[in-house]
Amino acid sequence: MAEITASMVKTLREKTDAPMMDCKKALTEADGDMEKAEEILRVRFGNKAAKSAGRVAAEGIVSIAISPDGKTAAMLEVNCETDFVAKNDDFLALSKALAEMVLDQNPADVAALSALPYGGKTVEEIRTELVGKMGENLSIRRFERLKGQGKFASYIHSGKIGVLVDVTGDEALARDIAMHIAASKPQSLDATGVPQNLIDTERRVAIEKAKEAGKPEAMLDKIAEGTVQKYLKEVTLLSQPFVKDDKQTVEQVLKSKNAQCHGFKIFVVGEGIEKKVSDFAAEVAAASKV
């Protein structure tokens with residue numbers, strides 16, 4: 001049996017909002033497996049326990065660059081420690097320049113981008129100088145350079161959410177769809193892009209919840225399939241109700257405009273990054289309750 005520590009319980013509670021003792025019980029039942037424990041809590045408390053994917057735990061900015069013909073685009077995330085630095089002019093200028101460099105020079109990875117010349121020095125040297133000037137760490141976290149079938153439209157929300165969407169047809173609609181993606185955060189264009197493990201998890205959770213509700217064994221597969229189909233409609237762009245007209249799906253709106261969406265990419269600043277706990281007293285108090 002794995003040891004269930006106070007920090008494990010605290011991490012699971014922060015991810016799920018489930019009560020502390022329920023987090024401990026779930027971890028014990030899952031033998032310390034964090035993902036399995038989340039799944040157990042989802043059965044008990046519903047989708048609230050899956051909210052961890054939307055948590056933003058780092059500061060920074062997303063920048064986008066698109067070629068004049070709209071056929072190629074780049075999106076880049078640069079992180080810092082505070083929102084104050086994320087609004088600094090030098091930091092913003094560096095982020096914008098780096099997105100343009102990704103677009104124009106197509107570096108293989110962050111290390112290659114860091115080695116490129118910039119302002120008479122390398123990008124890494126400029127980054128290091130800014131770290132010294134601003135007094136906190138700055139890092140180039142990730143970037144994507146995309147080739148489109150149609151033309152790229154983009155949307156950046158408050159510098160924290162960046163979207164690129166590849167659309168053939170109505171350019172104004174493409175911009176609206178980029179805004180929709182920022183608001184609704186679909187996982188893929190359609191059901192074919194949803195990872196099988198996520199579908200399997202939805203199916204297992206649905207079956208366990210149906211069992212707990214006393215549903216007949218013969219109904220479990222049908223209930224699970226209905227749950228999976230509902231989930232796919234919620235997380236796939238083409239099946240989502242369009243934010244500017246929720247009586248139509250995104251796919252229906254595209255068809256009405258004789259347009260087609262080929263794909264998209266979304267960056268959320270800090271997504272998936274563990275934020276350092278700075279309130280030691282709160283951490284100790286939480287641990288003492290375990």
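When the shell of 6.0 Å around NZ of Lys151 is examined, it contains 12 or fewer heavy atoms from other residues, nucleotides or ligands.
Under the 4.0 Å criterion applied to side-chain N and carboxylate O atoms, Arg127 and Glu124 are assigned as salt-bridge partners. Salt bridge present: Glu225 and Arg203 bring a charged side-chain N and a carboxylate O closer than 4.0 Å. A salt bridge between Glu234 and Lys230 is present, with a side-chain N of the basic residue lying under 4.0 Å from a carboxylate O of the acidic one.
Atom CZ of Phe152 sits about 4.5 Å away from atom CG of Asp166, to the nearest 0.5 Å.
A heavy-atom distance below 4.5 Å is not found between the side chains of Thr122 and Ser114. Under the 4.5 Å side-chain criterion, counting only non-hydrogen atoms from C-beta, Phe91 is in contact with Met134.
For His262 (side chain) and Val167 (main-chain N/O), no donor-acceptor pair under 3.5 Å exists by modelled atom type. Judged by distance alone, with hydrogens and angles left aside, the side-chain atoms of Gln260 form no donor-acceptor pair with the main-chain N or O of Thr168 at under 3.5 Å. The backbone N or O of Val102 sits less than 3.5 Å from a side-chain atom of Arg145, completing a donor-acceptor pair. Put simply, the side chain of Glu81 gets close to the backbone of Asn137: a donor and an acceptor are under 3.5 Å apart.
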Q.
Evaluate Val194 against Tyr231 for side-chain contact (heavy atoms from CB on, under 4.5 Å), listing each step before the verdict.
A. CA-CA 10 Å; Val194 179; Tyr231 166 74; 4.1 Å; yes

Q | Pair Lys160-Asp83, salt bridge (charged side-chain N to carboxylate O under 4.0 Å, His left out): steps then yes or no | A | CA-CA 10 Å; Lys160 304 298 185 183; Asp83 189 54; 3.2 Å; yes

Q. Glu208 and Arg204: salt bridge (charged side-chain N to carboxylate O under 4.0 Å, His left out), yes or no, with the steps?
A. CA-CA 6 Å; Glu208 291 304 314; Arg204 287 196 304 270; over 6 Å; no

Q. Is there a side-chain hydrogen bond (donor to acceptor under 3.5 Å, both in side chains) between Ser63 and Lys96 once you walk through the steps?
A. CA-CA 6 Å; Ser63 291; Lys96 184 176 185 299; over 6 Å; no

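Of all heavy-atom pairs between Ala99 and Ala65, the closest is O-CB, 3.7 Å.
Hydrophobic clustering of Ile, Leu, Val, Met, Phe, Trp and Tyr side chains at less than 4.5 Å, counting indirect connections, keeps Leu76 apart from Leu146.
Counted by atom type alone, Gln240 and Thr249 present zero donor-acceptor pairs between their side chains at under 3.5 Å.
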